[in-house]
Every structure is written in structure tokens, then in C-alpha cells.
Amino acid sequence: VDEDVRTGGTLTYVPPEYLQSLMGHPNHRSASADIYSLGMILFEFVTGRLPFPSPRSRAPLDLEMAIDGRRRGEIWQDDDVPFGLRCIIGRCLAFDPADRYPSAEQLQRDLECEMQHRPLRHAAEPSIKNRFRKWAKRHPRLCSTGILSVVAMLIVMALGAFAWRVNQSNRSFAAELLRNQFRERSDR
């Protein structure tokens with residue numbers, strides 16, 4: 001049975017439910033709180049900044065502002081962070097504990113998938129463009145050969161179209177020349 005927890009810790013890194021517990025709301029221990037704190041550290045590590053303003057004190061007004069900032073969840077700016085890693089960190093920092101990774105093992109699997117350029121297993125990764133990039137990174141020879149083949153095919157098609165056009169122009173010119181010659185002979 002989960003027990004009511006009034007916890008301490010660095011206010012910057014604690015999940016919203018812990019901030020709420022400091023205001024007297026009930027809180028239950030869960031692994032998702034540790035996942036949240038790890039997500040804060042990951043975010044700071046990859047961007048060099050915190051995703052949310054840190055509460056200035058344990059005063060209810062400061063805690064409420066921090067909770068509201070976490071609820072809005074607008075964390076990504078112009079950060080140059082790969083899309084898959086954004087999805088992973090976003091799931092770690094979900095406001096609702098039920099939306100976070102239920103275990104560190106699932107988080108680890110998704111981080112490994114991201115490092116190996118594979119689709120994520122436990123975080124939503126809706127970008128088809130990102131999935132194609134990961135596939136291309138896993139299969140560089142296939143992609144480079146494929147791209148070179150497509151470029152070569154386009155060049156051959158363009159040269160073929162140009163040659164056909166030149167051939168058609170030459171035929172038209174030759175027909176016009178024959179017609180003019182025929183007229184000159186006919187007029188004599």
C-alpha cells in the first residue's frame with residue numbers, strides 16, 4: 001500500500017505531484033517521480049538550460065507558479081535536439097504521472113533505440129520524416145546507392161529528353177529544308 005509522502009529534494013528537479021504535496025495535497029511514491037527527475041536532468045544535459053522556471057521558495061504562490069509552468073509543458077524552443085530524444089524527454093516530463101515511462105527499463109530501451117537509430121518502443125514518435133532519417137542512418141549504403149541511382153536516372157532521363165528534343169528539331173529542320181528545295185525545283 002502506497003503511503004502518503006511529504007518529500008524533500010531540490011525543488012528544480014521534483015515532479016509536479018511533489019510540489020503539490022508541499023502544499024498539503026496527498027502524494028504517493030512512484031517510479032514515475034524518479035523518471036520525471038531524470039527527465040529534468042536529461043533536458044538540462046542536452047539543452048544547457050532547465051525546461052521550467054524553478055520555484056524561488058516553498059511558498060504556496062511560488063509552488064503554484066512552478067506547477068502551472070509544468071502543466072503547460074512548453075519546453076522546446078530552438079534547441080537542436082533530435083526529434084526522437086525530444087519524444088523521450090517529453091514523456092519523462094509529462095505532467096500526469098500515468099503518461100510517463102512506467103519503468104526505468106522502458107526508458108532505457110527507448111534511449112538505446114534512439115542511439116541505434118531505431119523507432120522508439122515506448123514513446124510516441126509521430127514523425128514519418130524522423131523514422132525515415134533513422135532508417136537511412138541504419139542503412140547508409142542502401143541510401144547512398146539508392147540516392148546515386150535516382151540522381152543518375154534523372155540525369156539520363158534529362159539527357160534523353162534533351163536528345164529527343166534535338167532530334168525532333170533536326171527532323172523539323174530537315175523537313176523544312178526538303179520542302180524549300182522542292183518548291184525551288186517546282187518553281188523552275
Side-chain angles (χ1 to χ4, degrees), residues 1-139 143:
V1 174
D2 288 334
E3 60 189 47
D4 186 33
V5 177
R6 294 194 46 98
T7 187
T10 306
L11 293 178
T12 301
Y13 299 98
V14 298
E17 60 270 21
Y18 279 23
L19 294 175
Q20 290 170 333
S21 76
L22 293 173
M23 295 172 52
H25 299 271
N27 180 34
H28 301 281
R29 264 180 231 255
S30 70
S32 69
D34 294 332
I35 299 291
Y36 185 92
S37 297
L38 184 57
M40 291 288 284
I41 293 167
L42 285 171
F43 184 94
E44 187 175 20
F45 181 74
V46 299
T47 65
R49 63 179 180 80
L50 291 170
F52 311 111
S54 184
R56 290 187 273 174
S57 72
R58 291 179 181 242
L61 182 61
D62 288 338
L63 294 176
E64 194 59 51
M65 286 174 48
I67 292 166
D68 187 50
R70 285 161 169 74
R71 183 177 290 116
R72 281 181 299 196
E74 299 163 3
I75 58 176
W76 300 108
Q77 296 172 356
D78 294 331
D79 301 309
D80 191 24
V81 178
F83 186 78
L85 191 53
R86 285 180 183 222
C87 293
I88 292 169
I89 293 172
R91 179 148 189 214
C92 290
L93 296 178
F95 184 82
D96 184 352
D99 294 336
R100 297 181 201 142
Y101 286 98
S103 70
E105 289 82 15
Q106 287 187 0
L107 170 59
Q108 178 186 356
R109 282 189 207 113
D110 270 357
L111 286 170
E112 287 170 352
C113 285
E114 181 64 17
M115 287 174 33
Q116 296 166 357
H117 308 294
R118 297 197 176 282
L120 303 180
R121 293 179 171 181
H122 305 287
E125 187 179 25
S127 171
I128 292 174
K129 179 178 167 184
N130 187 57
R131 284 177 171 250
F132 177 76
R133 280 186 190 148
K134 285 182 175 185
W135 183 87
K137 285 182 180 180
R138 285 194 320 269
H139 303 29
C143 285

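The chain is numbered in sequence order, starting from 1.
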**Q.** Flag if over 12 foreign heavy atoms under 6.0 Å of CZ, Arg71
**A.** yes

Q) Is the closest side-chain heavy-atom distance between Leu63 and Gln20 below 4.5 Å? A) no

Q: Report yes if the side chains of Met65 and Pro53 come closer than 4.5 Å at any heavy-atom pair, otherwise no.
A: no

**Q.** Side chain to side chain, Cys92 and Arg100, heavy atoms closer than 4.5 Å
**A.** no

Q: Mind checking side-chain hydrogen bond (donor to acceptor under 3.5 Å, both in side chains) for Arg49 and listing every partner two or more places apart, or none if nothing turns up?
A: Asp79

(Q) If you define the side chain from C-beta out and look only at heavy atoms, does anything of Asp110 sit under 4.5 Å from Tyr101? (A) yes

Q: Output the distance between atom OH (Tyr18) and atom CG (Leu11), rounded to the nearest 0.5 Å.
A: 13.5 Å

Q. About how many Å separate CG of Leu120 and CD1 of Ile88, when rounded to the nearest 0.5 Å?
A. 4.5 Å

(Q) Contact between Leu85 and Leu42 at the side-chain level, heavy atoms closer than 4.5 Å - yes or no? (A) no

(Q) Within the structure provided, determine whether Pro55 and Glu64 are in side-chain contact (heavy-atom separation under 4.5 Å). (A) no

Q) Which heavy atom in Thr12 sits nearest to a heavy atom in Met40, and how many Å separate them? A) O-CE, 2.8 Å

**Q.** Shortest non-hydrogen separation from Gly39 to Ile89 and the atoms involved
**A.** O-CG2, 3.9 Å

Q.
Can you confirm whether the side chains of Glu112 and Gln116 place a donor and an acceptor under 3.5 Å from each other?
A. no

Q. Taking C-beta and beyond as the side chain, do Val14 and Leu22 meet within less than 4.5 Å on heavy atoms?
A. no

Q. What are the two closest non-hydrogen atoms of Phe43 and Ile75, and how far apart are they?
A. CZ-O, 3.5 Å

Q) What pairs of residues pass the side chain to side chain donor-acceptor pair (under 3.5 Å) test when at least one of them lies in residues 36-47, not counting sequence neighbours? A) Tyr13-Glu44, Tyr36-Arg70

Q: Quick one: pull up CG in Asp68 and CG in Leu19 and give me the separation to the nearest 0.5 Å.
A: 12.0 Å

Q. For Cys87 and Glu114, what are the C-alpha separation, side-chain angles and deciding distance, and is it a side-chain contact (heavy atoms from CB on, under 4.5 Å)?
A. CA-CA 10 Å; Cys87 293; Glu114 181 64 17; over 6 Å; no

Q) Among all residues two or more places apart in sequence or in another chain, which pass the side-chain hydrogen bond (donor to acceptor under 3.5 Å, both in side chains) test with Gln106? A) none

